[in-house]
> 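Structure in structure tokens, see below.
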2 protein chains.
Amino acid sequence: MARQQDDARERLIEGTSELLWERGYVGVSPAAILRRSGVGQGSMYHHFQGKGDLVLAAERHSAALMQEELRSVLTGEGTAFDRIAAYLLRERDALRGCRVGRLVADPEVVVNDQLREPVRETFALLHKFLVDVIEEGRAAGEFAPELDAEETADTLAAVVQGGYALARAEQSVVPYERAVRGALALLKAAAPSAG
Amino acid sequence: MARQQDDARERLIEGTSELLWERGYVGVSPAAILRRSGVGQGSMYHHFQGKGDLVLAAERHSAALMQEELRSVLTGEGTAFDRIAAYLLRERDALRGCRVGRLVADPEVVVNDQLREPVRETFALLHKFLVDVIEEGRAAGEFAPELDAEETADTLAAVVQGGYALARAEQSVVPYERAVRGALALLKAAAPSAG
DNA sequence: GTCTATACGATGATAGAC
DNA sequence: GTCTATCATCGTATAGAC
């Protein structure tokens with residue numbers, strides 16, 4: 001009974017989150033959303049107050065997907081180094097970039113705390129996961145005791161986000177792959193025995 | 001005699017490159033450009049064929065500024081490590097991000113080879129400067145011989161670009177600063193004697 | 001819940017006077 | 001070179017029928 005309505009609502013959210021990934025907030029129009037979602041205009045303004053409202057729901061959808069993926073990769077089994085390597089090397093389309101990180105390039109998102117919140121929250125969670133992994137690795141003797149977990153966590157997160165920028169500039173995944181392999185090599189060299 | 005005309009042309013280019021930095025291609029309108037530049041509509045369509053043409057000129061302006069800055073910081077005096085540190089730590093407003101790198105987040109720029117070219121060229125030059133510095137450092141015994149220059153160069157470039165994304169998400173320069181300090185610490189640990 | 005019709009400002013550009 | 005109309009189209013939303 002609630003089937004039909006939920007379909008339209010979900011299709012709008014999924015279509016919008018795809019479009020946001022591709023074009024950002026200012027690059028997306030209601031008309032494009034309707035085309036992508038295969039939903040009529042009446043439905044959209046019935047389920048959502050307007051573009052901003054729908055975009056917020058779509059951002060939260062993207063953030064939830066990303067957070068679940070991060071949790072799965074970074075809090076699983078394996079050594080600290082292996083989990084970090086799994087995060088950096090996991091299958092992805094580097095040319096598409098990050099569906100969450102992409103949003104902070106948008107002028108309307110950065111200026112609006114509500115629209116920025118899902119991104120902030122996701123990056124905060126990523127930071128926490130990485131800090132935990134690094135501290136575990138230090139405790140296990142994988143990394144040198146001097147390695148600063150907070151700093152290194154942000155270095156790794158930045159390598160991923162920045163790697164996407166390099167890849168898009170070249171329209172090639174090569175710079176992304178070089179960036180993450182370089183980061184892993186540096187991290188490997190931070191082992192207590194290395195040098 | 002050519003003074004007045006050049007003024008309008010230059011003001012348009014500078015105003016547009018500022019707006020591009022803030023809002024990207026899809027977020028900028030001719031009306032906004034005229035307001036920012038203090039120039040009339042007639043001037044704009046006299047000096048440029050349209051938005052795309054003007055944006056291309058503005059991109060080239062931004063790219064030239066950035067390339068000169070990179071050259072100045074990375075090919076100057078000092079040890080390899082010091083020059084890399086100077087690049088990562090140089091004064092900047094991390095919340096504004098990179099006036100060139102910002103452009104690859106724009107859907108219309110990535111899809112258009114002409115609009116993408118100034119970004120590609122700038123990142124290629126940055127890559128070259130960093131590779132050269134790293135190889136110099138390796139030759140001078142500052143870095144371990146195993147350090148891969150191509151990979152490490154992209155790691156460092158990515159840390160900077162990605163650091164901006166983290167900073168914008170938090171609306172704080174702290175994540176950016178942590179990211180670059182973490183990168184420098186890892187690089188320091190890559191010295192032949194370290195470990 | 002969904003549809004179509006309607007509205008109105010913004011966008012991106014052209015035309016012709018000065 | 002610059003200015004002021006003028007224009008077609010798009011973006012964003014509302015109204016009211018079904």
Side-chain angles (χ1 to χ4, degrees), chain A residues 1-59 103 105-109 111-112 114-115, chain B residues 1-59 61 103 105-112 114-115:
Chain A
M1 171 213 137
R3 198 72 250 280
Q4 196 71 4
Q5 21 180 314
D6 287 1
D7 272 10
R9 195 169 196 285
E10 280 170 25
R11 291 228 300 278
L12 282 164
I13 288 177
E14 279 165 27
T16 303
S17 74
E18 272 181 39
L19 279 171
L20 276 179
W21 193 355
E22 293 167 21
R23 305 187 47 86
Y25 185 112
V26 299
V28 168
S29 70
I33 290 171
L34 301 180
R35 235 178 292 123
R36 178 71 61 107
S37 311
V39 164
Q41 193 164 15
S43 291
M44 173 174 156
Y45 284 101
H46 172 75
H47 290 290
F48 299 96
Q49 294 201 0
K51 180 180 168 180
D53 188 32
L54 172 50
V55 162
L56 185 55
E59 285 191 24
L103 299 166
D106 197 289
E108 308 295 331
V109 170
V111 100
N112 179 325
Q114 213 180 11
L115 291 178
Chain B
M1 173 215 142
R3 197 71 247 280
Q4 196 71 5
Q5 24 181 308
D6 288 1
D7 271 8
R9 195 168 196 286
E10 279 171 26
R11 290 228 301 278
L12 282 165
I13 288 177
E14 278 166 27
T16 302
S17 75
E18 272 181 40
L19 279 170
L20 277 179
W21 194 356
E22 293 167 21
R23 305 188 47 87
Y25 186 110
V26 300
V28 168
S29 69
I33 290 171
L34 301 180
R35 235 177 292 123
R36 179 71 61 108
S37 311
V39 164
Q41 192 164 15
S43 290
M44 172 173 156
Y45 283 101
H46 172 75
H47 289 290
F48 300 96
Q49 295 199 2
K51 180 179 167 180
D53 188 32
L54 172 49
V55 161
L56 185 55
E59 285 190 24
H61 173 73
L103 298 166
D106 197 289
E108 308 294 332
V109 170
V110 194
V111 101
N112 180 324
Q114 212 180 12
L115 291 178

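Proteins get letters first, then strands, A, B, ... in listed order; numbering begins at 1 in each.
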> Distance check, rounded to the nearest 0.5 Å: A:Tyr45 atom OH versus A:Lys51 atom NZ?
9.5 Å

> Could you tell me the separation between the CD atom of B:Glu108 and the C1' atom of D:dC10, rounded to a whole number of Å?
14 Å

> Grab the CD-P distance between B:Gln41 and D:dT6 for me, whole Å please.
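Rounded to whole Å, this separation is 14 Å.
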
> Is any side-chain heavy atom of A:Val39 closer than 4.5 Å to a side-chain heavy atom of A:His47?
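Of all side-chain heavy-atom pairs linking A:His47 with A:Val39, none is under 4.5 Å.
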
> Below the 4.0 Å mark, does D:dC3 have OP1 or OP2 next to a side-chain nitrogen or oxygen of B:His46?
no

> Within the 4.5 Å heavy-atom criterion, are B:Leu12 and B:Leu34 side-chain neighbours or not?
yes

> Has the side chain of A:Thr16 got a donor or acceptor atom that lies under 3.5 Å from a matching backbone atom of A:Ile13?
no

> Given atom CE of B:Met44 and atom C1' of C:dA13, what is their separation to the nearest angstrom?
9 Å

> A:His47 NE2 to C:dC3 P: how many Å, rounded?
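The distance from NE2 of A:His47 to P of C:dC3 comes to 10 Å, rounded to the nearest Å.
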
> Just how far, in rounded Å, is P of D:dG11 from CG of A:Leu54?
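Nearest whole value for this atom pair: 15 Å.
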
> For A:Tyr45 and C:dT4, give me the distance from atom OH to atom P, rounded to whole Å.
16 Å

> In whole Å, I'd like the distance from the CG atom of A:Asp53 to the P atom of D:dT12.
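Distance, rounded to whole Å: 15 Å.
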
> So if I take every side-chain heavy atom of A:Ser43 and compare against D:dT2, C:dT2, C:dG12, which nucleotide ends up nearest?
C:dT2

> How many whole angstroms separate atom NZ of B:Lys51 from atom C1' of C:dA10?
12 Å

> Counting only non-hydrogen atoms, which of residues 28-35 of chain A are less than 4.0 Å from DNA chain D?
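Close to the strand are A:Val28, A:Ser29, A:Pro30.
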
> Tell me every residue that passes side chain to side chain donor-acceptor pair (under 3.5 Å) with A:Arg36, counting only those two or more places apart in sequence or in another chain.
A:Glu18, A:Glu22

> Verify, without hydrogens or angle tests, whether B:Arg23 (side chain) and B:Val28 (backbone) share a donor-acceptor contact under 3.5 angstrom.
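A pair under 3.5 Å: no.
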
